[in-house]
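Proteins get letters first, then strands, A, B, ... in listed order; numbering begins at 1 in each. Everything numeric here is computed off the predicted structure, so don't read it as measured data.
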Amino acid sequence: MTGEVRCRFAPAPSGSLHVGNARTALFSWLWARHNGGAFILRVEDTDASRVTEEAFRGVLDDLRWLGLDWDEGPEVGGPHGPYRQSERRSIYQEAADRLLAEGSAYRCYCTPEELEVRNREAKERGDPPGYDGRCRTLRDDERVAFEREGRPSTVRFAMPQHAWVVHDLVKGEVGWGEGQLRDFVLLRSDGSPVFLLAVAVDDLAMGVTHVVRGDDLLASAPRNIAVIEALGGVAPAYGHLPQVVGRDRRPLSKRHGSTSVEAFREQGFVAEALVNYLALLGWSPGDDRELAPLPELTASFDLSRVSNNPAMFDVEKLTWMNNRYLQTMDDDDLAARCVHFLTESGLGVDPVVLRRAMPLVRERMKTLAEAPDLLRFLFTDDIEPNERARAVLAKAPDGYVRGAADALGALPSWDAASIASALDGLAEGAGLNRTKGWQPVRAAVTGSTVSPPLPESLELLGADRTLARLEAAA
RNA sequence: GGUCCCAUCGUCUAGAGGCCGAGGACACCACCCUCUCAAGGUGGAGACACGGGUUCGAAUCCCGUUGGGACUACCA
């Protein structure tokens, strides 16, 4: 099959995406874009019970923030809509009816209790569990009897009982022996569609050519293919990604705490870094490149180079990468991104000062969330020296801070170079080196023993505010 | 239990029979730079899970073992 490549990402609307899902979205997007194809977003909300509008929005917001745009899907529309499965009920119903009529599916009258009992018995006998296919061969009179009884029924797919081979784009050939894939439910007894029906119908209807998803779904590939083929369609190609796992080597889940895209955003990670990091989780361009922005990733991405082993999410490396991206961002951009975190900390921001402060702090920030600590002294005059700063001040020679105020106050020009030499003169006069001589000033002015480079910081702060703080400390 | 997937430094990976006495990155350690903190530079330590084959030759191919994981739902 030639023609346009069409990839889809089909998340359940579970609120903010966890980074494993985000990586799936990214790889699917990269494959679509790499091939100049379309990226489709479809929301799998057939389990209506716990779907909220907020959870739905969370997914869209995350994708947008990451820079993964979609050509078809919620809010952008497209020729194969609607793109929320909850709005496609009639389509699934129709498909199920057709499969039923054509003998690819059948009504199953087994109750959950009966299934459970038979499953348990099979296990005890040492037989593999799973649906035993009982209703597949029901005689007409038995069927009629069940109907007359008013028994509820599900619609079950009659899985063709031959061996299956899936040519997976990342795993290679994966096979299942004859009879290993059991008949599965398509429509619940309340008439609602199950995932296995919905994906098959939608992937077919939406003209999906490549399905990129987690390898927890590998075993459902032959089932997806079978349904699509029963519907008279041609199944897409599948590429199953290894799992992203947490510190404990288990697939990422709520248990791992804050692993959502939103959580990382709130912790001051930038989308560029998260995307770059995620791209390298389970994939590499084959050379030693690590820092590669989205366009570069798109150009070199190749599903066949995706690794087969689960990848542990390493916040340390993400953090390093985040810092690298902060270092290369231009001042205006970086400043704009800091604003949220500064105001969040209750600091009133002067945009001009903020912008000018960027060169001083960019390589000192691993995340944007560190901006407030680094810049607090510029945006508030409420400086309360912390413990270490107080210790430094206490150890300073008598009158040292006063002397600093005098020396700086006498400066004809308030610029970093002049400030630096004044501070040097002061230190020298007291027989101190720079390290010892500058720290008391830093402590008095910033309230901390850690700050951006001192002369530049004081220049930015301005003479008046600097002197006032020195006076106060003296 | 059955079926399937997976197995290179602590972590992410390069490696598709000889170029590997295994390369890069994060983290770690040391040193350099240095006004604090970072950033940066240089160097160091650190891995082919195990056992059998195949081959002149295996991290790379095959089999087994062990260890992880997924699936085995009227979840997705």
State whether the distance check finds a donor on one side and an acceptor on the other, under 3.5 Å, for side chain [X] versus base [N].
{"X": "Arg442(A)", "N": "C35(B)", "value": "yes"}
{"X": "Ser189(A)", "N": "C74(B)", "value": "yes"}
{"X": "Gln180(A)", "N": "G2(B)", "value": "no"}

Q: Please check if any side-chain donor atom of Gln327(A) sits under 3.5 Å from a side-chain acceptor atom of Glu363(A), or the reverse.
A: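 No, no side-chain donor-acceptor contact under 3.5 Å.
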Q: Name every residue in residues 105-112 of chain A that has at least one heavy atom under 4.0 Å from any atom of RNA chain B, in order of residue number, or write none if there are no such residues.
A: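 Per residue number, the list reads Cys110(A), Pro112(A).
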Q. When you measure from every atom of RNA chain B, which of residues 163-174 of chain A have a heavy atom less than 4.0 Å away?
A.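 Heavy-atom contacts with RNA chain B come from Lys171(A), Val174(A).
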Q) Across all strands shown, which nucleotide pairs with A49(B) by Watson-Crick or G-U wobble geometry, both distances under 3.5 Å? A)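 Across any shown strand, A49(B) pairs with U65(B).
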Q: Report yes if some heavy atom in the side chain of Asn433(A) is under 4.5 Å from a heavy atom in the side chain of Lys436(A); otherwise report no.
A: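 The answer is yes, as the side chains (C-beta and beyond) meet within the 4.5 Å cut-off.
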Sugar-phosphate, base or nothing in reach of [X], heavy atoms under 4.0 Å:
{"X": "Glu316(A)", "result": "sugar-phosphate"}
{"X": "Arg324(A)", "result": "sugar-phosphate"}
{"X": "Arg388(A)", "result": "nothing"}
{"X": "Pro452(A)", "result": "base"}
{"X": "Glu456(A)", "result": "base"}
{"X": "Gly282(A)", "result": "sugar-phosphate"}

Q) Just by modelled atom types, is the Leu17(A) backbone N or O under 3.5 Å from a matching donor or acceptor in the Asp62(A) side chain? A)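 Flag set: sc Asp62(A) to bb Leu17(A) pair under 3.5 Å.
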Q: Begin from the C-alpha positions of Ser300(A) and Arg289(A) and carry the test side chain to side chain donor-acceptor pair (under 3.5 Å) through to its verdict.
A: CA-CA 11 Å; Ser300(A) 29; Arg289(A) 276 145 64 218; 3.0 Å; yes
Q. When the nearest nucleotide of RNA chain B is assigned to Leu217(A) and to Gly130(A) on a heavy-atom basis, which residue is associated with the more 5' position?
A.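 The 5'-side residue here is Gly130(A).
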**Q.** Carboxylate-amine/guanidinium proximity below 4.0 Å for Glu272(A) and Arg337(A)
**A.**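 A salt bridge links Glu272(A) with Arg337(A).
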Q. So, is the end of the Arg134(A) side chain (NZ or CZ) under 6.0 Å from the ring centre of Tyr131(A) and within 45° of the ring's axis?
A.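 No, a cation-pi geometry is absent between Arg134(A) and Tyr131(A).
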Q: Flag this pair as yes if the NZ/CZ of Arg84(A) is under 6.0 angstrom from the six-membered ring centre of Phe56(A) and inside a 45 degree cone about the axis; otherwise no.
A: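 Checked: cation-pi criterion met.
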**Q.** Asn224(A) side, atom CG; Tyr238(A) side, atom OH - distance, nearest 0.5 Å
**A.**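 Taking CG in Asn224(A) and OH in Tyr238(A), the distance rounds to 4.0 Å.
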Q) Taking the six-membered ring for Trp, are Tyr277(A) and Phe264(A) ring centroids under 6.0 Å apart? A)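 Here the rings of Phe264(A) and Tyr277(A) have centres that are no less than 6.0 Å from each other.
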**Q.** Atom-to-atom span, CZ of Arg118(A) to P of A73(B) - whole angstrom
**A.**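 These atoms are roughly 13 Å apart.
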